[in-house]
Amino acid sequence: MKYDFSKTEKKWQAYWQQHESFKTAENADKPKYYVLDMFPYPSGSGLHVGHLEGYTASDITARYKRSCGFNVLHPMGWDAFGLPAEQFAIKTGTHPRITTEQNIKSFKETLQAMGFSYDWTREINTTDPGYFKWTQWIFLRLYEMGLAYMSEVDVNWCEELKTVLANEEVEEKIADGYTVIRRPLRQWVLKITAYAERLIADLDEVNWPENVKQMQRNWIGRSEGVEIDFELRCHKTRLKVYTTRPDTLFGATYLVISPEHQLAEKLATAPQLLAVKEYIRQAKLKTELERTGLQKEKTGVFTGSYAINPATGEPLPVWISDFVLISYGTGAIMSVPAHDQRDWEFAKQYNLPIIEVIKSPHDVEEKVFDEKNSISVNSSNSELSLDGLPFPEAFERMAKWLESKNVGSRKVNYKLRDWIFSRQRYWGEPIPIKHYEDGTLRTETMLPLMLPEVEAYHPSSTGESPLANIAEWLLGNDEHGTFRRETNTMPQWAGSCWYYLRFIDPENREKLIDPAKEEYWMNVDLYIGGAEHAVLHLLYARFWHKVLFDLGVVTTREPFKKLFNQGMILGEDNEKMSKSRGNVIPADHVLERYGADAVRLYEMFLGPLEQVKPWNTNGIEGISRFLAKVWRLVYSGDEDAATSLTCESLSDELLRKMHKTIKKVGEDTENLKFNTAISEMMVFVNELHKAGCRNREAVETLLILLAPYAPHITEELWEAIGHSSSISIAPFPLFLPELVEDSILTIAVQINGKLRGTFTAPAKSPKELLLEEALKVESVIKFLEGKSIIREIIVPDKLVNFAVK
RNA sequence: GCCAAAGUGGCGGAACUGGUAGACGCGCUGGACUCAAAAUCCAGUGGGUGCAAACUCGUGUGGGUUCGAGUCCCACCUUUGGUACCA
């Protein structure tokens, strides 16, 4: 009988559903394991083979952990707010809810056809009022804690989308062909910077890829430095700059302030005023990207004013340049051209003096020297000398001196900015805030605050969201007076910041999560998803988690214990899959043709999970052949009945191979090295066939090892050989340590490190015996002829090497 | 520019703490079965020389350490990911 994957897969998917095989039991008397996928945005274009890679990996882990005796939580849901459905609504008038529902239906069908063992009774959807009620609830807590505030900020405004973009989203949208400009707008902002220190520190306690941790550290960008007050020659005010190199103060030859700096115009002397005004006007017109993008020539203008270097007493000209960012530090810097690349370029551009204050291996007039591994020179005045000191000491001494003179103080700065949290869109969680006529703000008392139905999804003419057009929703009055509702909605990140918690207690109407359940299930043991979320999603989620920790809602400091980034699957042309390239392999297409088990196995067999690798449809045939070979272990003849398995004892060789396979597959599955686990199972199957072995123990062992990878065919065969319960509850086999080692080993004989022959010997043979045997090997004798042995290296159980002359 | 990771057959990839490079799969070649094909099975498959036994060269490039290097060290080249004036 031939294997009919289509019939079998449907049969077992129905069986699992009917028997609720993967429904997670609450308060089970077992250790827990929470394995989570990054839940998808249900787009209209459906799932392709790339999307299934991570889901397959997490499903194998979930099934494997279950068979190892864990109580496993493995849920799935939908990050369903977002722009594509809204853009579609603007074009067609179809409500985003309708589009979203349809897409979810199709996504879910594909995931179920893959045989993933999700507990679908816990399915969540970020657009469900029962869910976003709690997203809004968290927002109100942030507001009460002073972590959500309104601010007039320069935002990244996308004209086509009529919305604000987070800094992090800008590049992505520009790549998609949108234009983004800077524009001031009153926005909701979340004070993520208040958690910067903890967001860095707690990275030490999670098991994440080192590069992701490093990316987050860089993104937060902590630096230790000193703020120095410079006296101005003809002004009473002082000019504050931030520097991480106070040790180079003696080499500061000019100051630069940002065009947006409040002193920019004030410092302009009469002859310079026109030029300064013009420069500031020009800078305003530039977008953030034009200002910060690419390596362009430095521009700037002299204000005409001078500051005094507190270390030398020398006058320093104050310049304005747009390479200095108003949003970082104090918006003003001291320039040390000898030891900073940007300052050096600027000094060369405008002929400003360059003074060496760190011992440099070359002339600093020719090239900047910006390393810290040298000592200070030319750095002394009557009270202070840094000469001869390496960086840490020079920094310390200068910082202390500045503090003692009351012209400086230590300061820690972060690159991380507060998170602009409002979007001028319809399809998002409404921000539950009421604005009263007297300017006060109050929180909505009844959550969830629902989205009203609208007729058109276009943003309003004022740049506000479509919600501003719905008067009956927008306006109201209560005991505090008349109010206007907040028309901004939350960004798509909001719903995904805490969804992993809701899976634990999805139905709870009273609380975000039941504390006992939270304590049992948190944190997420394994979180699998794409590397594109390395900073944004993962940083935002960690921030919210810490806020919830401070609120006492959760008991862990970090949400995700272990993180794993699966590598992208490229198209057959070795390029990133995209509609425009036409190289997308749709999931449904391969599922129909090869079946879920083959697709699952092939995706994992392609290469290491973390690696980027191209899809090759030919390769999947090999997997189908492997599954057919497994099938023939049970259905070997033409007859439709399963071959009766024997209970005769296995040969010593096969018994050892079986135990080695158990060990290897178990360890590799545990470590997400699925490609080599599959390879090992292939070897075992090949050997069983070669030996014509139909031993029950061997076949049953193989089926259990394979079940997490290929759940349908293994269920079918498990039933065929006489089991009445699902293979998904069969316990993972144990190996016997004494059987994973070979009793007879092949020993290599090398001469000068080159292989010249082999012989076999019992394991743990003494060195003398190995040497004796090695000298008997014919090819070795030939090579040793006429030569003298200088040295013999004998590695027990491995090899004998002769160094000869 | 800077940071990180990686370069192994025609292809995807194996190789534990330095110890028989190329497991497993794809592809290809030959054979069995067949009227023929598909499917399946068997054998072979890194390059070069050779009738053969065998020899020789081989893990991006060039050096080094070692009895022995894909694996360790130094320099360089290439690719991918991240980042971009953060003072």
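To find a chain, count down the sequence lines: A is the first, B the second, and so on, and within it residues start at 1.
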Undergrad: Would one find more than 12 heavy atoms of other residues, nucleotides or ligands at under 6.0 Å from atom NZ of A:Lys348?
TA: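 Above 12, so yes.
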Undergrad: To the nearest Å, how far apart are A:Asn801 CG and B:rG18 P?
TA: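 Taking atom P of B:rG18 as the reference, CG of A:Asn801 is at 16 Å.
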Undergrad: Any salt bridge linking A:Glu53 with A:Lys613? Criterion: basic side-chain nitrogen under 4.0 Å from a carboxylate oxygen.
TA: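 A:Lys613 and A:Glu53: salt-bridged.
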Undergrad: Which part of the nucleic acid, if any, lies within contact of A:Phe783, taking any heavy atom under 4.0 Å across all strands shown: a base, the sugar-phosphate backbone alone, or nothing?
TA: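 It contacts sugar-phosphate atoms only.
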Undergrad: What is the distance, rounded to the nearest whole Å, between atom CG of A:Asn686 and atom P of B:rU40?
TA: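 So the CG-P distance, A:Asn686 to B:rU40, works out to 13 Å.
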Undergrad: Touch check for A:Arg217, heavy atoms < 4.0 angstrom, all strands: base, sugar-phosphate only, or nothing?
TA: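 If one applies the 4.0 Å heavy-atom cut-off, A:Arg217 turns out to touch nothing in the nucleic acid.
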Undergrad: Under a 3.5 Å cut-off for both contacts, is B:rG44 paired Watson-Crick or G-U wobble with anything, and if yes, with which nucleotide?
TA: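 Per the H-bond distance test, B:rC28.
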Undergrad: For A:Ser223, answer base if it contacts any base atom (sugar-phosphate contacts may also be present), sugar-phosphate if it contacts only those atoms, and nothing otherwise; contact means non-hydrogen atoms under 4.0 Å.
TA: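 Sugar-phosphate: the residue A:Ser223, judged by heavy atoms under 4.0 Å, touches backbone atoms but no base.
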Undergrad: Calculate the interatomic distance between A:Lys613 atom NZ and B:rG25 atom C1'; express it in whole Å.
TA: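 Nearest whole value for this atom pair: 15 Å.
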Undergrad: If we call it a pair only when both distances are under 3.5 Å in a Watson-Crick or G-U wobble match, what pairs with B:rA87?
TA: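 Pairing partner: none.
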Undergrad: So for A:Gln750 and B:rG19, does any side-chain atom that can act as donor or acceptor lie under 3.5 Å from a complementary atom in the base?
TA: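 Such a pair exists between side chain and base.
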Undergrad: Does B:rG50 pair with anything, Watson-Crick or G-U wobble, both distances under 3.5 Å, and if so, with which nucleotide?
TA: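 Partner of B:rG50: none found under 3.5 Å.
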Undergrad: Does B:rG81 pair with anything, Watson-Crick or G-U wobble, both distances under 3.5 Å, and if so, with which nucleotide?
TA: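 Across all strands, the one nucleotide that pairs with B:rG81 is B:rC3.
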Undergrad: Separation of A:Ile789 atom CD1 from B:rG68 atom C1', in whole Å?
TA: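 Rounded to the whole Å, the gap is 16 Å.
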Undergrad: Using the purine O4'-C1'-N9-C4 or pyrimidine O4'-C1'-N1-C2 torsion, is B:rG27 syn (within 90° of 0) or anti?
TA: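 Base orientation relative to the sugar is anti.
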Undergrad: Is a salt bridge present between A:Lys663 and A:Glu667, judged by a nitrogen-to-oxygen distance below 4.0 Å?
TA: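 Salt bridge flag = yes for A:Glu667 with A:Lys663.
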Undergrad: Using a cut-off of 6.0 Å, state whether more than 12 heavy atoms not belonging to A:Arg593 lie near its atom CZ.
TA: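 Result for CZ/A:Arg593: open.
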Undergrad: Both distances under 3.5 Å, Watson-Crick or G-U wobble: report the partner of B:rA38, or none.
TA: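 Across all strands, not a single nucleotide pairs with B:rA38.
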Undergrad: May I ask which nucleotide in the shown strands pairs with B:rU65, Watson-Crick or G-U wobble, both distances under 3.5 Å?
TA: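 For B:rU65, the partner nucleotide comes out as none, under the 3.5 Å rule.
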Undergrad: Would you mind pulling out the nucleotide paired to B:rU71, Watson-Crick or G-U wobble, both distances under 3.5 Å?
TA: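 Paired with no nucleotide.
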Undergrad: For A:Val804, check side-chain contact (heavy atoms from CB on, under 4.5 Å) against everything at least two apart and list the hits.
TA: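 Partners of A:Val804 by the side-chain contact (heavy atoms from CB on, under 4.5 Å) criterion, ordered by chain and then number, come out as A:Ile751, A:Asn752, A:Leu784, A:Lys787, A:Ile789, A:Phe802.
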